[in-house]
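Everything on this sheet refers to the single structure shown next.
Note that ligands are numbered from 1 as they come in the structure, with each ligand's atoms numbered from 1 the same way. Values in this document were obtained by computation on a predicted structure and should not be read as measured data.
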Amino acid sequence: MLRHKYIKWFFIALLIFLWYAYFSGKLPLFLIFIAILFWLGITAWGSFDIRLNYFVKANSSNKKFNRNVVALTFDDGPTEVTSEILNLLEKYNQRATFFFIGKQIEKYPEILKNIVGQGHTIANHTYSHTNKMGFLSKKEVDNEIASTQNIIQQITGKIPNLFRPPFGVTNPNIAWACKENRVEVIGWNVRSLDTVITSEDKILSRILDRFEKGSIILLHDTSTKTLNVLERLLITMEKKQIQSVTVDELLNIKAYK
Ligand SMILES: [Zn+2]
């Protein structure tokens with residue numbers, strides 16, 4: 001599997017070799033540029049596809065789980081929709097994991113108080129969810145994670161063990177800050193694209209097409225569109241006798257420190 005630390009040394013060695021060959025007059029210069037472009041391409045791909053585990057080991061599914069389960073996950077809350085999502089989950093007796101944004105928690109702190117008691121898991125999704133996530137310094141990423149850990153601890157008394165980087169972006173600074181905060185990085189293997197696709201039918205069929213035992217499904221508790229899709233998904237799951245468990249249960253890891 002591709003790993004940043006191995007690929008880096010491979011390309012450094014390759015470039016030294018190509019440079020030497022170029023100066024010996026045995027190689028045209030453009031081949032060096034092609035090698036650099038290729039390296040940049042792999043790095044960009046590794047940054048934006050969390051499932052590659054390029055910079056950090058991200059847990060994105062558990063297909064070996066011994067029961068017919070998936071893990072529904074909701075990002076970017078809490079919002080005014082979150083309590084309705086919770087009502088639906090309760091109605092269909094399903095558990096989920098919520099990757100909350102620190103500054104959203106400050107707007108809706110009350111929502112967090114009951115979530116843990118209802119059997120769901122609260123996890124960290126940075127403080128600001130900035131679009132510049134891939135360009136923050138080590139210290140800035142550390143602040144994003146640590147401040148949200150503090151906010152969640154103040155309200156629930158619990159310090160999350162699970163973290164999901166916004167947009168699934170990873171890089172060496174994010175990897176460093178995850179280590180520093182001792183959090184497990186959680187990805188997904190089913191992306192609903194519920195913030196991008198407008199048609200509820202299409203979102204639902206997209207999820208169901210990719211749905212398999214042990215999947216981690218990425219949704220967002222930010223719109224009534226997702227709420228509508230969720231009810232239809234939960235009805236289908238009930239018919240097929242598929243249970244949703246929290247990510248920590250699916251992966252057999254701790255939800256809190
Ligand atoms: Zn997000």
Side-chain angles (χ1 to χ4, degrees), residues 44 46-56 58-61 70-86 89 96-109 111-112 115 120-136 140-149 151-152 160-171 173-175 177-178 181 183-198 203 206-207 210 215-227 229-230 233 244 246-248 251 255:
S47 297
F48 286 103
D49 192 343
I50 198 165
R51 289 168 303 177
L52 282 185
N53 292 324
Y54 189 62
F55 291 106
V56 290
N59 302 283
S60 299
S61 65
V70 295
L72 296 176
T73 68
F74 296 90
D75 284 13
D76 298 0
T79 69
E80 63 279 2
V81 182
T82 309
S83 52
E84 294 182 69
I85 298 262
L86 289 166
L89 292 169
T97 304
F98 291 85
F99 290 86
F100 283 149
I101 298 171
K103 69 175 184 189
Q104 285 299 117
I105 299 172
E106 288 172 343
K107 288 186 206 163
Y108 303 93
I111 290 175
L112 271 73
I115 285 189
H120 307 297
T121 292
I122 294 173
N124 188 328
H125 195 43
T126 70
Y127 179 77
S128 72
H129 202 279
T130 170
N131 292 333
K132 298 184 195 118
M133 194 65 204
F135 306 98
L136 299 184
E140 286 168 328
V141 184
D142 184 33
N143 281 339
E144 286 278 343
I145 299 174
S147 58
T148 301
Q149 296 288 71
I151 294 168
I152 293 172
N161 190 40
L162 313 180
F163 170 72
R164 179 178 277 162
F167 320 106
V169 173
T170 55
N171 62 28
N173 289 353
I174 295 172
C178 289
N181 287 279
V183 285
E184 295 274 354
V185 179
I186 307 297
W188 59 80
N189 67 335
V190 178
R191 187 173 209 167
S192 66
L193 293 180
D194 57 341
T195 55
V196 182
I197 300 172
T198 46
I203 298 169
R206 200 188 140 81
I207 298 169
R210 291 162 175 76
S215 290
I216 297 180
I217 296 148
L218 170 62
L219 293 149
H220 295 80
D221 50 329
T222 52
S223 73
T224 49
K225 181 176 64 182
T226 298
L227 194 66
V229 171
L230 179 65
L233 178 62
S244 173
T246 56
V247 164
D248 43 292
L251 300 170

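- If you look at His125 and ask which of its N, O or S atoms sits nearest the Zn ion (ligand 1), the answer is NE2.
- Closest approach of Val81 and Thr222 over heavy atoms only: CG2-C, 3.9 Å.
- For Asp76, the N/O/S atom at the shortest distance from the Zn ion (ligand 1) is named OD1.
- For the side-chain hydrogen bond (donor to acceptor under 3.5 Å, both in side chains) test with His220, the passing option among Thr226, Asp194, Asp75 is Asp194; the others fail.
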Please walk me through it: do Thr79 and Gln104 pass side chain to side chain donor-acceptor pair (under 3.5 Å)? CA-CA 7 Å; Thr79 69; Gln104 285 299 117; 5.9 Å; no
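- Separation of atoms CD1 (Ile207) and OG (Ser192) is listed at 5.0 Å; rounding is to 0.5 Å.
- Under 2.8 Å from the Zn ion (ligand 1) lies an N/O/S atom of His129, whether from backbone or side chain.
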